[in-house]
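Residue numbering restarts at 1 for every chain, and letters A, B, ... go by the order of the sequence lines.
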Protein chains: 2
Amino acid sequence: MAKSSQVSMQDVAKTAGVSPQTVSRVANGSDAVKPETRQRVEAVMQRLGYRPNYAARALKRGKFQDIGVVMFNTSSFGNSRILDSIISSAADDDYSITIQTMRHGSERTLAAAIERMQQQPVDGVIVVLEERISDFAGYKPPKELPVVLISEGAADHCPTVDTDQYGCSTAIVDYLMSKGHKTVYHIAGPATSRAAESRARGWREALEQIGAPVPSMYIGDWCADSGYQAGVALAHDPDCTAIYAANDQMAYGAILDCNPPASACLTMSASSASTIRWRTWCHG
Amino acid sequence: MAKSSQVSMQDVAKTAGVSPQTVSRVANGSDAVKPETRQRVEAVMQRLGYRPNYAARALKRGKFQDIGVVMFNTSSFGNSRILDSIISSAADDDYSITIQTMRHGSERTLAAAIERMQQQPVDGVIVVLEERISDFAGYKPPKELPVVLISEGAADHCPTVDTDQYGCSTAIVDYLMSKGHKTVYHIAGPATSRAAESRARGWREALEQIGAPVPSMYIGDWCADSGYQAGVALAHDPDCTAIYAANDQMAYGAILDCNPPASACLTMSASSASTIRWRTWCHG
DNA sequence: CTGAAAGCGCTTACAG
DNA sequence: CTGAAAGCGCTTACAG
């Protein structure tokens, strides 16, 4: 919107010989315009390259038609899927997305993240929380800005949604056990992750429920390397025939060295909007 | 910015007993304010929960402090890395990012994408192009909105940047050959991808340069499954000791079945801002 | 150091 | 079906 080169509603109005009002009506698809007037105005808009000014419109309307999204990063598999889904869902309703990441240097608190978002053209904010964050539990969003958290465990004063991490884990364990394995090994995510904890808990309790032995758990850091390390160890364990890794990356890593001993390796990932995606590797 | 609950500059001015002017000066950190006045105004801002109105500010300033990014999706490994980098680079200069994906239903042209972005609060647009797009070559961006393409091969009328796909490929081939392999197999990306084509060309010409035999190439679709298919075939080829896959996912897939025959499997991925990331798997 | 005035480009009642 | 007026909340010269 370089001021000089911007064609305004005024310009169109003047050229078309109508009031700005009428141009506005045409721009917004009102049907209270005579067809031939509309046509004339549209022709001028086209010719002059008129674009409605976003800022002026938002100022008047009192909303931005835009939702802010805050994530730690956009490059983890889960986050990038969530983001994709948010973007296309928003687009379905003509909403745009403003994305921000939690910066390493600055305070990693909800308060700081929302504070930054309040300077942005957003009508509401979605925060995707993978790690624990110091002010999670008691955080109170400002009343002018709706905030929804995607995180496990509800915050006290803020709407929170999440996928059923625990349920996915038990389902995966049940699935593998139904294939005849004696037990399932687990490569967990880091202790800082709420999701990792729930997945591990689901795995453990599902095994206990069935009465299967609970092998000691490997704790990774979501990265392939950590899965690889676990795989190296597991490759020498004759009892290991099935592994459930807490995310894709670690499963990829584990596969590198646990093949052929482990005849089945399953990995799950929580994707957007409570859709659970399963992936089966090395069908055994 | 729900109009009713929004605290305006006026409100602060009235409460603090100064002019809106002065509030503006405080909000923008001007030093032409008496310290005690500033303090008083800041206290009131704090107490009332004042936030400058983004739309009004943008309308006046004539810019948004925001850059639009258009991608086919945000969930491919390369794209998510690029996005992460763009976001944090932008944040360093207090710019925000508005992200949009090319929708499946709508026209997948630069013209359509930029058209949509012109309705957004953006001062410029970055388009990440993985596939060929019909209006790529001759596309002319509007003069009011700066557009930069990330794509291979320059467009005629639009600034274009890209990583050195070709150079990466030759470097990877050279690296593997230096490890004593007789040749390197290639799992390429789909023919629709410019990047895939350059990577394949780099691979082929590097082998020719060295005088190594050029095995027939496998063409995948970037997904792990296609890499897996290639791996299944290669596992039975005794001459295959090294594979260069055009992206991570296909490399993951290939590894599943080509181990142990292929003693080395390298994959590259083009990441953000012309940084080339290498990953070595199965050091042989 | 501080304020009164004008205006950014649009939309929203209100008249006709 | 069309237009004149007011105002969204801020910033930018211009005075003092």
Spacing of Gln65(B) atom CD relative to dC10(D) atom P, expressed in whole Å
17 Å
Please determine if a side-chain N or O atom of Thr37(B) lies less than 4.0 Å away from the OP1 or OP2 oxygen of dT2(C).
yes
Any non-hydrogen side-chain atom of Phe136(B) less than 4.5 Å from a side-chain atom of Thr109(B)?
no
When rounded to whole Å, the NZ to C1' distance for the pair Lys14(B) and dG3(C) reads 15 Å
How many whole angstroms separate atom CG of Leu59(B) from atom C1' of dA6(C)?
13 Å
Describe the nucleic acid contact of Arg51(A) in one word from base, sugar-phosphate, nothing, applying a heavy-atom distance below 4.0 Å.
sugar-phosphate
Between atom CZ in Phe64(B) and atom P in dG9(C), what is the gap in whole Å?
11 Å
Give me the ring orientation class for Tyr54(B) and Phe64(B): parallel if the planes are under 30° apart, tilted from 30 to 60°, perpendicular past 60°.
parallel
Whole angstrom value for the distance that separates C1' of dC10(D) from CE of Met9(B):
6 Å
N/O donor-acceptor pair under 3.5 Å between Asp123(B) side chain and Asp66(B) backbone
yes
What nucleotide, of dG9(D), dG3(C), dT11(D), holds the atom closest to the side chain of Arg61(B)?
dT11(D)
Counterpart base for dT2(C), defined by Watson-Crick or G-U wobble contacts under 3.5 Å:
dA15(D)
Starting at atom CD of Gln10(B), determine the distance to atom C1' of dA4(C), rounded to an integer number of angstrom.
12 Å
Counting side-chain heavy atoms from CB outward, which of dT11(D), dC10(C), dG3(C) is closest to Arg57(B)?
dT11(D)
Please check the phosphate of dG3(C) (OP1 and OP2 only) for any side-chain N or O of Thr22(B) closer than 4.0 Å.
yes
Just checking Pro20(B): base, sugar-phosphate only, or nothing, at a heavy-atom cut-off of under 4.0 Å?
nothing
Just the rounded figure in Å: distance from C1' of dT12(D) to NZ of Lys63(B).
16 Å
Given dT11(C), dT12(C), dT12(D), which nucleotide is nearest the side-chain atoms of Gln21(A)?
dT12(C)
Counting only side-chain nitrogens and oxygens, does Ser19(A) get under 4.0 Å of the OP1 or OP2 atom of dA4(D)?
no
dC10(C) phosphate, OP1 or OP2: any side-chain N/O from Tyr50(A) under 4.0 angstrom?
yes
Side-chain N or O of Asn53(B) closer than 4.0 Å to phosphate OP1/OP2 of dC8(D):
no
Select one nucleotide: of dT11(D), dT2(D), dC10(C), the one nearest the side-chain heavy atoms of Arg25(A).
dT2(D)
Closest of dG9(C), dT2(C), dC8(C) to the Lys60(B) side chain is dC8(C)
With a 6.0 Å cut-off (strictly less than), is the heavy-atom count around CD of Gln39(B), excluding the residue itself, greater than 12?
no
Using distance alone, with no hydrogens and no angle criterion, decide if Gln120(B) and Thr98(B) have a side-chain donor and acceptor under 3.5 Å apart.
no
